[in-house]
A.B. asks: 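This is the structure I want to talk about, given as structure tokens.
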Amino acid sequence: MYRLFYERVGDSLDNLYKGIKMNKVMEAIELLSQGNDNGELNSDLLLAAKQELEWAYKELESKRNAFQYEMELKQKSLDSQIKLFNMKWSLLEEETRKLAEESKKAEKRRAFFERVNSFQKGGNDGDNIVHGEMFFKGVASPQALKKRYKDLIKIYHPDSENGDNQTVQEINREYDSLIHAMAK
């Protein structure tokens with residue numbers, strides 16, 4: 001898109017160049033036509049017209065080169081800005097994806113702990129013991145089992161708010177049986 005713009009500007013510059021050159025040629029012809037009365041051309045006038053054309057050509061060429069250099073610099077700057085934007089965009093997409101994954105994990109843990117708390121409050125018939133098979137349901141690897149065990153101990157440790165010795169004993173008993181079963 002920008003290259004097309006630069007090409008159009010370059011074409012306009014070429015047209016301007018041709019227009020200025022034609023103006024200088026016309027001025028030179030006018031100078032030449034001011035020759036002496038008998039129609040002969042004055043060599044000094046011819047030399048002056050030639051120098052005027054050469055000067056105009058050099059000036060126009062220098063302006064054209066400066067313009068092209070400026071456009072190249074702007075194109076390089078634009079390219080680097082686009083590259084930086086793309087890098088930032090990919091980083092943003094990656095971090096957004098990670099955040100969504102972490103949010104899903106947090107939501108699953110919250111739901112799990114809500115189920116644990118609701119089970120503890122509603123299904124005990126007065127005693128505070130929660131049976132361990134519910135805590136380790138869906139655990140398939142020893143690493144996941146160990147992580148779940150640590151999380152449960154944090155929740156049900158006797159020193160915590162929801163803590164209870166009998167529940168911790170039940171969790172330990174179930175953990176031991178599952179760890180031995182997975183080891184075989």
A.B. asks: Would you call Glu59 and Lys63 a salt bridge, using N to O less than 4.0 angstrom?
C.D. replies: yes
A.B. asks: For the pair Leu99 and Glu95, evaluate side-chain contact (heavy atoms from CB on, under 4.5 Å) and give the outcome as yes or no after the intermediate values.
C.D. replies: CA-CA 6 Å; Leu99 185 61; Glu95 291 301 318; over 6 Å; no
A.B. asks: How long is the gap from CZ on Arg173 to CG on Leu178, to the nearest 0.5 Å?
C.D. replies: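 Going from the CZ atom of Arg173 to the CG atom of Leu178 covers 9.0 Å.
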A.B. asks: Any side-chain heavy atom of Leu152 within less than 4.5 Å of one from Val168?
C.D. replies: no
A.B. asks: Could you check if a side-chain atom of Val139 sits within less than 4.5 angstrom of a side-chain atom of Lys147, using non-hydrogen atoms only?
C.D. replies: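 With C-beta onward as the side chain, the pair stays apart.
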A.B. asks: Linking I/L/V/M/F/W/Y whenever any side-chain heavy atoms sit under 4.5 Å apart, do Phe85 and Leu92 land together?
C.D. replies: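 Yes, one cluster joins them.
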A.B. asks: Take Leu84 and Lys88 through the test side-chain contact (heavy atoms from CB on, under 4.5 Å) and record every step on the way to the result.
C.D. replies: CA-CA 6 Å; Leu84 180 64; Lys88 286 180 179 179; 4.0 Å; yes
A.B. asks: Asp79 and Gln75: side-chain hydrogen bond (donor to acceptor under 3.5 Å, both in side chains), yes or no, with the steps?
C.D. replies: CA-CA 6 Å; Asp79 290 344; Gln75 182 64 38; 2.9 Å; yes
A.B. asks: Between Glu101 and Arg97, is there a salt bridge with N-O shorter than 4.0 Å?
C.D. replies: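 Yes, Arg97 and Glu101 are salt-bridged.
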A.B. asks: Just how far is it from atom NZ of Lys154 to atom CG of Asp159, taken to the nearest 0.5 Å?
C.D. replies: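 Here the rounded value is 15.0 Å.
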A.B. asks: Rounded to the nearest 0.5 Å, how far does CD of Glu174 lie from OH of Tyr149?
C.D. replies: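 Tyr149 OH to Glu174 CD: 12.5 Å, rounded to 0.5 Å.
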A.B. asks: To the nearest 0.5 Å, what is the distance between CD1 on Ile179 and NZ on Lys146?
C.D. replies: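 Rounded to the nearest 0.5 Å, the CD1-NZ separation comes to 8.0 Å.
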A.B. asks: To the nearest 0.5 Å, tell me how far Leu91 CG sits from Thr96 OG1.
C.D. replies: 9.0 Å
A.B. asks: Do you see a donor-acceptor pair shorter than 3.5 Å between the side chains of Trp55 and Gln51?
C.D. replies: no
A.B. asks: So which atom in Pro158 and which in Asn165 form the shortest heavy-atom distance, rounded to 0.1 Å?
C.D. replies: CG-OD1, 2.8 Å
A.B. asks: Whether Arg110 and Glu107 form a salt bridge (side-chain N of Lys/Arg under 4.0 Å from carboxylate O of Asp/Glu) is what I want to check.
C.D. replies: yes
A.B. asks: Say whether, by atom type as modelled, one donor and one acceptor occur between the side chain of Ser77 and the main chain of Leu73 under 3.5 angstrom.
C.D. replies: no
A.B. asks: Could you state the interatomic distance from CG (Asn117) to CD1 (Ile155), rounded to the nearest 0.5 Å?
C.D. replies: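 It is 7.0 Å, given to the nearest 0.5 Å.
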A.B. asks: Is it possible for you to check whether Arg148 lies under 6.0 Å from the centre of the six-membered ring of Phe112, through NZ or CZ, and within 45° of that ring's axis?
C.D. replies: yes
A.B. asks: Does this structure show an ion pair linking Lys74 with Glu70, if we count only N-O contacts that are shorter than 4.0 Å?
C.D. replies: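 A salt bridge links Lys74 with Glu70.
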